[in-house]
Every structure is written in C-alpha cells, then in structure tokens.
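Note that the structure is a prediction, hence the values are computed from the model and not measured.
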Amino acid sequence: MSDLGSDYEEEEQGPYLGEYEGERNERDERHGHGKATLPNGDTYEGTYENGKRHGQGTYRFKNGARYIGEYCKNKKHGQGTFIYPDGSKYDGSWVDDQRSGYGKYYYVNADCYEGEWLNHVRHGQGVYTYQDTGSKYTGTWKEGKREGSGELIHANHKYVGHFKEDRTEGKGKYVFDIGCQQHGDYIPIEQNQDDKGEEEEPQLVIIPKWKSGKVTEITIDPEPELEDEVPPPGEETGDAPGATDGVTSEQPGEDATGDGEKVEGTAEETDEPMAETQEPEGETQEPEEEETEQVEDE
C-alpha cells in the first residue's frame, strides 16, 4: 500500500532504503540535501535531518501524485501543496501529515473551499464556492459539514440562518435583491428512502421544509441633512474664493445618501410563501476531497 497521507517511512523499512545521493552526518545517516528513490518506487528530493525528511522537499508518488512543501520528522508539517492523482489540489497548512490550519482545496469539478481545516476535513470558518452555479456558502463548518451560522449566497438572493448536519435547519431568512426579505423556519421532516431490496430495512432521511413567515421591506435611512454654517460675526461670506453659500460640501467619494443601517419594515404578512422548495435553487452537493487517499502499489 502507498498511503498518500503518510509518505514512505524510510527509517522503518529494514536495511534496504532504496537509492540515495546526498549529504550524510557522522553516523552515516541522511542529513542535509539529498535525493532518494525509495523501495516502493516513490522519489524524494529535499532536506534530511538525522535520517528523516525534515525541512523543504518534493515527494513524488509513482501514481502521479506529489507534495511540495515542508516536512518535520518524515511527516508533512508546515506549509505545502499536495496535487492528487485526479488533478485536485490542496494548498495550505499541514500538521502531523494532515490538512490542519488554513488552506485552499481545488476540487476535480472546479469547486473550491477556502478556510480552516482540522484533521483532514473542513472545520471552522470557511467559504465553499460551487463552480456550476456560482453560488457559495460562507460560515461555520464542523467535521466536514456545514454547522452553525452561515449564508448561502446565490445570484439574486441569499439565505441567512442556521445549519445542522450539512443542511438548513431552524430560524433564518431569505434576502432578495428586489428590496425585501422573508423570515421563516426550516423544519426537519423525516422521510423514507426508496426501497433498495426486500431484505433491507427502509432508512429515514431528513428533508428540510421551509415554513415561511413575514415579508418585510429592506429600507435604508438617509443621513440627516447638514445645517447651514453660520459665519463668525464680522466675517463676510459673499465673494470669498471657494465659498459655497454657507453649506459644507461632501467629502470626495462620500455618498450623499449615506450608508444607513438596514431596518425591517412593517409590510403585511403574505399568505403565499415566497419559497416552498426544500433548498434554494443553485445549491449543489460538494464533492468529498480524497479522505481515504489509499492507492494500491503494483
């Protein structure tokens, strides 16, 4: 087995360690810069310390995968880029041979996730972009799934609310570009999966159902108008260069209407829900990154 998650352990494979060209220490261990062809056909070129890969290096697997980055005692640790056999790529932080910290994963279907990782899976704050639709989820992840507060952003609207076990659940709202927003709840509904065989017991799946509530207008309060400035006693204002009749001018680039805070309006509650679908259009299932990463050596 050639494990793409853990490279070949050179010091634990018996007396034959493959071919090596490079520097050694006084104990004849690989130490410094060197190039090795390992017994399983993989190759490594980079720095060693006391017989172990340590520092910057490039590890090439015989199946076409490769890792370019930092090592610590034979394990990927620090910043590095891993290119997988299917063409997907991870660029970011590694801890003890696993994706941990901040990094960016480019999937084989051109989707992309950028954010925090822990133990090889998405965990923490991050943004997942769906290539086919241009939609994106930005928010919290837990053990590879959307969990907690987040936003699902589409071309002309977005959903803001809570997620649980990678699905919408609980209170939230849809915000539309036309200037209104609809509040509501996603209610989990249990449904039986299609029967796959007489001997198999039917499995329950949870489908989120949108229960619509009030529709309110999104308004922006303008800034209060500036009062006329009163000149000091005895100072003329008529023909002074640059005079503006006592009214202060706007600063360059400032919006005269101001950046008001969004306030919910008092629009009537609608009897017809604006959204009856289980999930907003545009969301697709993100592919799983190569978690097993097991490749059989020939």
>> Once you measure the plane-to-plane angle for Phe163 and Tyr137, does it fall in the parallel (<30°), tilted (30-60°) or perpendicular (>60°) bin?
In response: perpendicular

> Taking NZ, NE, NH1 and NH2 as the nitrogens, is one of them in Asp42 or Lys62 under 4.0 Å from a carboxylate oxygen of the other?
Replying inline: no

> Out of curiosity, Cys180 SG to His157 NE2, how far, rounded to the nearest 0.5 Å?
Replying inline: 11.5 Å

> Going by an N to O cut-off under 4.0 Å, is there a salt bridge joining Lys104 and Asp91?
Replying inline: no

> Residues in side chain to side chain donor-acceptor pair (under 3.5 Å) with Glu29, at least two apart?
Replying inline: Asn25, Arg27

>> I need the Glu147 CD to Glu169 CD distance, nearest 0.5 Å.
In response: 9.0 Å

>> Classify the ring geometry of Tyr186 against Trp210: parallel below 30°, tilted from 30° to 60°, perpendicular beyond 60°.
In response: tilted

>> Less than 6.0 angstrom from the centroid, inside 45 degrees of the normal: does Arg53 satisfy that with respect to the ring of Tyr44?
In response: yes

>> Could you go through Gln125 and Thr140, starting from their C-alpha distance and side-chain angles, then the distance that decides it, and tell me whether this counts as side chain to side chain contact (heavy atoms under 4.5 Å, CB included)?
In response: CA-CA 5 Å; Gln125 294 295 311; Thr140 308; 2.8 Å; yes

> From Glu45 CD over to Thr58 OG1, what is the distance, rounded to the nearest 0.5 angstrom?
Replying inline: 7.0 Å

> Considering the options Tyr106, Tyr130, Tyr128, which one meets the side-chain hydrogen bond (donor to acceptor under 3.5 Å, both in side chains) requirement together with Asp111?
Replying inline: Tyr128

> What distance do Asp177 atom CG and His154 atom NE2 have between them, rounded to the nearest 0.5 Å?
Replying inline: 11.5 Å

> Is it the case that Arg122 places NZ or CZ above or below the six-membered ring of Tyr113, under 6.0 angstrom from the centre and within 45 degrees of the axis?
Replying inline: yes

> Would you call the rings of Tyr90 and Tyr105 parallel, tilted or perpendicular, where under 30° means parallel and over 60° means perpendicular?
Replying inline: tilted

> Out of curiosity, Lys164 NZ to Lys145 NZ, how far, rounded to the nearest 0.5 Å?
Replying inline: 11.5 Å

> Would you call the rings of Tyr67 and Trp94 parallel, tilted or perpendicular, where under 30° means parallel and over 60° means perpendicular?
Replying inline: perpendicular

>> Could you walk me through whether Lys75 and Asp96 satisfy the salt bridge (Lys or Arg N to Asp or Glu O under 4.0 Å) test, starting with their C-alpha distance in whole Å, then the side-chain angles of each, then the deciding distance to 0.1 Å, before giving a yes or no?
In response: CA-CA 6 Å; Lys75 293 185 177 181; Asp96 198 21; 3.1 Å; yes

> Any idea how Tyr59 and Tyr71 line up, ring-wise: parallel (<30°), tilted (30 to 60°), or perpendicular (>60°)?
Replying inline: tilted

> His123 and Glu143: side chain to side chain contact (heavy atoms under 4.5 Å, CB included), yes or no, with the steps?
Replying inline: CA-CA 5 Å; His123 189 91; Glu143 297 177 354; 4.2 Å; yes

